[in-house]
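Right, one structure below, let's go through it.
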Amino acid sequence: MFTGIIEATGTLSSLTFVDGDLKVRVSSDSLNMDDVALGDSIATNGVCLTVTQKFSDGFSADVSRETLSLTRFAHYQQGQRVNLEKALQPLSRLGGHLVSGHVDGIAEVVDVRSSARAIEYWLQTDAELMKYIPYKGSVCIDGASLTVNEVHGSRFKLTIVPHTLEQTTIADFQVGTQVNLEVDQIARYLERLINGAKAEQPQSSVSESLLAQAGFIK
């Protein structure tokens, strides 16, 4: 489990396909590896990876076919910059929101605008995922916990302040950049609780009337 508060950035120093899976090595001068053990989890651009080898300046991990099919990892190149966060400890501050590191899909940057000292990014994703992205809700973009400031159809807006731009890879985003997207877990669990077995059907969704009937809103 993670918070979406990025601890450091790193680079993919090597990517090797082995029997259909991907083996990656992540290098970082700023991520403290002292308390990391083999088998620990590190979110890499929002993807929960298990440490298979540990180095003083990073780690190696395996990326499964399932992860390759849902994330941008299959398209990454050597030297790709990534956001890094070690797994949450029980005594850590929950500065962002609960993030599993299980990416739901891909979003694409479709517009970038300046707003005073901040940068506004409009992203677009599948309608199936947009139903979990409400105004002022939380999303995880390449591992970073961010607040949704506007929603319109299949698009949503993020306003990124200077500190976040400095500490993450978001400053590298431009129109056409594709990113890993994880929606808020609460929205998914709420849909499952309300719809039960019907939640397995693609057409199931949470509507305002359904929430009212279940007693969640008045």
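Since the model is a prediction, treat every value here as computed from it, not as a measurement.
Open room surrounds OH on Y189; 12 or fewer heavy atoms of other groups in view lie less than 6.0 Å from it. By the 6.0 Å contact criterion, CG on D111 is enclosed, its count of non-hydrogen atoms from other residues, nucleotides or ligands being greater than 12. Within 6.0 Å of CZ on F17 lie more than 12 heavy atoms contributed by other residues, nucleotides or ligands.
The heavy-atom pair separating G10 from S28 by the smallest distance is CA-CB, 4.0 Å. Of all heavy-atom pairs between F156 and A107, the closest is CZ-CB, 4.5 Å. The two atoms that bring L22 and F73 nearest to each other are CD2-O, 4.0 Å, heavy atoms only. Of all heavy-atom pairs spanning G58 and M33, the tightest one is O-CE, 3.2 Å. Contact record, A171 with Y121: CA-OH, 4.0 Å, taken as the closest heavy-atom pair. Shown here for V139 and H97, the closest heavy-atom pair between the two residues is O-CE1, 3.5 Å.
For the pair N45/R72, no side-chain contact is recorded, criterion being any heavy-atom separation below 4.5 Å from C-beta on. Here the side chains of V103 and T67 are not in contact, with every heavy-atom distance at 4.5 Å or above. The shortest side-chain heavy-atom distance between S41 and C48 falls under the 4.5 Å cut-off. A heavy-atom distance below 4.5 Å is not found between the side chains of I106 and T125. Side-chain contact check for V24 versus V63: some heavy-atom pair is nearer than 4.5 Å. Contact of the V110 side chain with the V175 side chain is not registered, since no non-hydrogen atoms from C-beta on lie closer than 4.5 Å. The shortest side-chain heavy-atom distance between Q185 and H102 does not fall under the 4.5 Å cut-off. In this structure, Q78 and L12 have side chains that are not in contact, with every pair of non-hydrogen atoms separated by 4.5 Å or more.
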message = Between V148 and K136, does the side chain to side chain contact (heavy atoms under 4.5 Å, CB included) criterion hold? Intermediate values first, please.
response = CA-CA 5 Å; V148 177; K136 293 303 180 183; over 6 Å; no
task = With side chain to side chain contact (heavy atoms under 4.5 Å, CB included) as the test, would you mind laying out the steps for V36 and D34 before giving the verdict?
result = CA-CA 6 Å; V36 175; D34 291 346; over 6 Å; no
ask   = Hey, mind stepping through T11 and Q80 against side-chain hydrogen bond (donor to acceptor under 3.5 Å, both in side chains) and telling me if it holds?
value = CA-CA 5 Å; T11 59; Q80 169 86 31; over 6 Å; no
message = Using side-chain hydrogen bond (donor to acceptor under 3.5 Å, both in side chains), reason through Y135 and N149 one step at a time and then give a plain yes or no.
response = CA-CA 6 Å; Y135 171 64; N149 289 318; over 6 Å; no
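Atom CG of L98 and atom CD1 of I186 lie 7.0 Å apart (nearest 0.5 Å). With rounding to the nearest 0.5 Å, the separation of OG in S154 from CD in Q124 is 3.5 Å. Separation of atoms CG (D29) and OG (S56) is listed at 9.0 Å; rounding is to 0.5 Å. One finds the CD atom of Q178 at 10.5 Å from the CG atom of L123 (value rounded to the nearest 0.5 Å). Rounded to the nearest 0.5 Å, atoms CD (Q53) and CG (D62) are 9.0 Å apart.
Of the possible polar contacts, one joining the D40 side chain to the A37 backbone as a donor-acceptor pair under 3.5 Å is found. Side chain of E85 to main chain of G4: a donor-acceptor pair is present (N/O by atom type, distance under 3.5 Å, no hydrogens or angles). A donor-acceptor pair under 3.5 Å is absent between the side-chain atoms of D126 and the main chain of E128, judged by distance alone. For the pair T52 (side chain) and S60 (backbone), a donor-acceptor distance under 3.5 Å is present. The closest donor-acceptor contact from the side chain of E182 to the backbone of G101 lies under 3.5 Å. Between the side chain of K86 and the backbone N or O of N32 there is at least one donor-acceptor pair closer than 3.5 Å.
Tested against N83 for a side-chain hydrogen bond (donor to acceptor under 3.5 Å, both in side chains), the candidates N180, T169, T168 yield a single pass: T169. Evaluated for a side chain to side chain contact (heavy atoms under 4.5 Å, CB included) with I119, the options L165, I170, V161, T164 yield exactly one hit, L165. Of the listed residues (T71, L129, D142), just one forms a side chain to side chain contact (heavy atoms under 4.5 Å, CB included) with L181, and that residue is L129.
Partners of E108 under the salt bridge (Lys or Arg N to Asp or Glu O under 4.0 Å) rule, at least two apart in sequence or in another chain, do not exist in this structure. When the salt bridge (Lys or Arg N to Asp or Glu O under 4.0 Å) test is applied to D172, the partners found at least two apart in sequence or on another chain are R81.
Linking Ile, Leu, Val, Met, Phe, Trp and Tyr residues whenever their side-chain heavy atoms come within less than 4.5 Å places L68 and I42 in a single cluster. The cluster map of Ile, Leu, Val, Met, Phe, Trp and Tyr, joined by side-chain heavy atoms under 4.5 Å apart, puts L84 and M1 in different clusters. Note: the hydrophobic cluster containing V51 also contains V82 (ILVMFWY, side chain heavy atoms under 4.5 Å, direct or indirect links). The hydrophobic clustering, which links ILVMFWY residues whose side-chain heavy atoms are closer than 4.5 Å, places Y76 and F173 apart. Neither W122 nor V179 shares a network with the other; the hydrophobic side chains, linked directly or stepwise wherever heavy atoms of I, L, V, M, F, W or Y lie under 4.5 Å apart, form separate groups for each.
Using a 4.0 Å cut-off between charged side-chain N and carboxylate O, D104 and R188 make a salt bridge. Salt bridge absent: E150 and R155 never bring a charged side-chain N and a carboxylate O closer than 4.0 Å. Of the charged side-chain nitrogens involved, none lies within less than 4.0 Å of a carboxylate oxygen, so that E120 and R113 do not count as a salt-bridged pair.
Cation-pi check for R25 over F59 is not met; the charged atom does not lie both under 6.0 angstrom from the ring centroid and within 45 degrees of its normal.
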